[in-house]
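Quick notes on the structure that follows.
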Amino acid sequence: MKKSALMSVEEALECLLQLAGREPIGESERVVLDDADGRVLAEPLISPLDLPPWPNSAMDGYALRLADWTGEPLTVSQTIFAGQAPEPLRPGTCARIFTGAPVPEGADCVELQENTELLEDGRVRFAQALRPRQHIREQGQETRRGDTVLAAGSRLGPAQLGLAASLGATELTVRRRPRVALLSTGDELVEPGRPLGPGQIYNSNRTLLHSWLMRLGCNVLDAGILPDDPQLTRARLGELGGADLILSTGGVSVGEADCLGQILREEGELALWKLAIKPGKPLTVGRYRGIPVVGLPGNPASSLVTFALLARPYLLRRLGVQAVAPLTFPVPAGFVWSKPGKRREYLRARLGEGRAVLYPNQSPGVLLSAAWADGLVEIPENTTLAEGDLVCFIPLSEVLG
């Protein structure tokens, strides 16, 4: 690949998604609902019943048969609470009914209690005009028996699990957890808790990505820190044969100490390398002995951006998720951008008074900007911005889980 050939973000994402589609995580397992949060459905969820299973009242009030109402008050013949089975409605009467309670056979209308008057003799006067089926939730209004309510490839969250519970499900069939070998590279790295030597820094990428991968439902193999030594790097990579993905940080550029990138270029397969993105230019994707490898840049903010935009969609697509793009929306810029760049930039920002405000220091070397931010601002190539111009905002809440 020519030194000047930088792949666009769109091209890189398309390449990664194509690679993911060729190697889906096909195995599945049954898990109870309490263990299914964040997992991906392997089979569609089919409704075994109508929901609601019977017509029920949407309001506290009175159920009646419109044909029985002539404008005169009606006698209350029964009271129906949620969870009770009512008797058929007696002709010429109404029933006191509460929200969620089954509508009695023969009733075709529910009126709100605030639109009625309870008389001293116990009868009820209806003060307003009534309509057929008003304030009644019809049987099967939400879903019918046999309907597909969640497609295979759906990611499960609280709402999806609540829906499954409302249909009586206790277990779901989900894709097995991807096995991700996570490693860092560089003699300068030290794990937190150990003393720093001269020229050393603490390894933040391992903690950042381990937490992120766990949120994505992965089983994470901590492969430790690789020294800047080709022979030791080859040996460590050879120990990761059971992984679905090798995810690394650092060591993917072309310097003498960038052993991982060198080994992939010489002994593996290189699918893409070097993007027109800032931060994150030296992203590397390939294979080593048949195992996919995604090499993220070593700078922490660069790792965060490239994992969010590229590695995360790749993993989700391997699990069968089709909608992998995060939610984005336009917001006015609360800053001026006067120097157009040749690469797509993703700046750590937060929303303030309806505008995107940048963190003052956009260096890729520290995570303080990301911890402060609640999103990323995308600035296209060759673009300048005046304050108030619309920019694309990607909430971090969309990509961190």
Side-chain angles (χ1 to χ4, degrees), residues 31-39 41 43-151 154-174:
V31 299
V32 298
L33 293 190
D34 287 346
D35 294 333
D37 186 35
R39 304 295 294 274
L41 270 183
E43 299 175 354
L45 177 61
I46 308 298
S47 178
L49 47 80
D50 291 345
L51 199 64
W54 18 254
N56 67 89
S57 179
M59 301 287 179
D60 291 350
Y62 295 89
L64 67 152
R65 181 187 295 109
L66 276 181
D68 291 341
W69 183 59
T70 61
E72 294 299 316
L74 296 177
T75 300
V76 178
S77 58
Q78 62 177 308
T79 298
I80 312 167
F81 294 96
Q84 291 184 340
E87 300 176 356
L89 187 65
R90 285 168 43 192
T93 70
C94 64
R96 180 75 168 107
I97 195 167
F98 292 89
T99 302
V103 175
E105 180 184 343
D108 58 8
C109 175
V110 171
E111 178 60 306
L112 280 67
Q113 62 184 24
E114 52 263 41
N115 294 337
T116 65
E117 180 185 359
L118 182 62
L119 304 180
E120 291 183 359
D121 60 6
R123 293 184 302 159
V124 176
R125 174 179 288 126
F126 297 88
Q128 298 184 7
L130 304 175
R131 303 187 316 276
R133 314 307 299 175
Q134 73 176 23
H135 306 309
I136 294 177
R137 300 179 182 133
E138 302 293 353
Q139 179 175 345
Q141 183 181 65
E142 186 169 355
T143 184
R144 290 283 186 180
R145 181 176 183 177
D147 286 352
T148 298
V149 294
L150 291 174
S154 297
R155 237 183 133 205
L156 300 170
Q160 291 76 19
L161 295 175
L163 173 60
S166 74
L167 298 172
T170 59
E171 295 182 339
L172 294 171
T173 301
V174 298

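Worth knowing before you read on, the calculation uses all heavy atoms, side chains too, and leaves out hydrogens, waters and symmetry mates.
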Which pair of heavy atoms, one from [X] and one from [Y], lies closest together, and at what distance?
X: V110; Y: S57; answer: CG1-OG, 3.5 Å
X: G92; Y: D68; answer: N-OD2, 2.9 Å
X: A151; Y: L41; answer: O-CD1, 3.8 Å
X: T148; Y: P44; answer: CG2-CB, 3.9 Å
X: A82; Y: G100; answer: CB-C, 4.0 Å

Quick one: sort the F126 and W69 rings into parallel, tilted or perpendicular, breaks at 30° and 60°. perpendicular

Please assess Q128 against E111 for the test side-chain contact (heavy atoms from CB on, under 4.5 Å), listing each intermediate value before the final yes or no. CA-CA 9 Å; Q128 298 184 7; E111 178 60 306; 4.2 Å; yes

Quick one: list whatever passes salt bridge (charged side-chain N to carboxylate O under 4.0 Å, His left out) with R155, sequence neighbours left out. none

Enter the distance from [X]:[atom1] to [Y]:[atom2] here, rounded to the nearest 0.5 Å.
X: I136; Y: Q134; atom1: CD1; atom2: CD; value: 8.0 Å
X: L51; Y: R137; atom1: CG; atom2: CZ; value: 10.5 Å
X: T173; Y: R39; atom1: OG1; atom2: CZ; value: 11.0 Å
X: L130; Y: Y62; atom1: CG; atom2: OH; value: 13.5 Å
X: I97; Y: N56; atom1: CD1; atom2: CG; value: 8.0 Å

I need the single residue from P86, P53, P55 that forms a side-chain contact (heavy atoms from CB on, under 4.5 Å) with P102. Which is it? P86

When you measure from the side chain of [X] to the backbone of [Y], do you find a donor-acceptor pair of N or O atoms at a distance under 3.5 Å?
X: R125; Y: E117; value: no
X: D147; Y: V149; value: no
X: Q139; Y: P52; value: no

Mark yes when over 12 heavy atoms from residues, nucleotides or ligands other than [X] sit less than 6.0 Å from its [atom1]; otherwise mark no.
X: E105; atom1: CD; answer: no
X: R144; atom1: CZ; answer: yes
X: R90; atom1: CZ; answer: no

Name every donor-acceptor pair, under 3.5 Å, that has one atom in a side chain of residues 72-80 and the other anywhere in the protein, sequence neighbours excluded.
{"unit_1": "S77", "atom_1": "OG", "unit_2": "T93", "atom_2": "OG1", "d": "2.8"}
{"unit_1": "S77", "atom_1": "OG", "unit_2": "C94", "atom_2": "O", "d": "3.3"}
{"unit_1": "Q78", "atom_1": "OE1", "unit_2": "E87", "atom_2": "N", "d": "3.3"}
{"unit_1": "Q78", "atom_1": "NE2", "unit_2": "E87", "atom_2": "O", "d": "2.9"}

Side chains of [X] and [Y]: does their closest heavy-atom pair fall under 4.5 Å?
X: Q113; Y: M59; result: no
X: L167; Y: E142; result: no
X: R133; Y: D108; result: yes
X: L33; Y: T170; result: no
X: L156; Y: L150; result: yes
X: L64; Y: C109; result: yes

Partner set under side-chain hydrogen bond (donor to acceptor under 3.5 Å, both in side chains) for D60, not counting sequence neighbours: T99

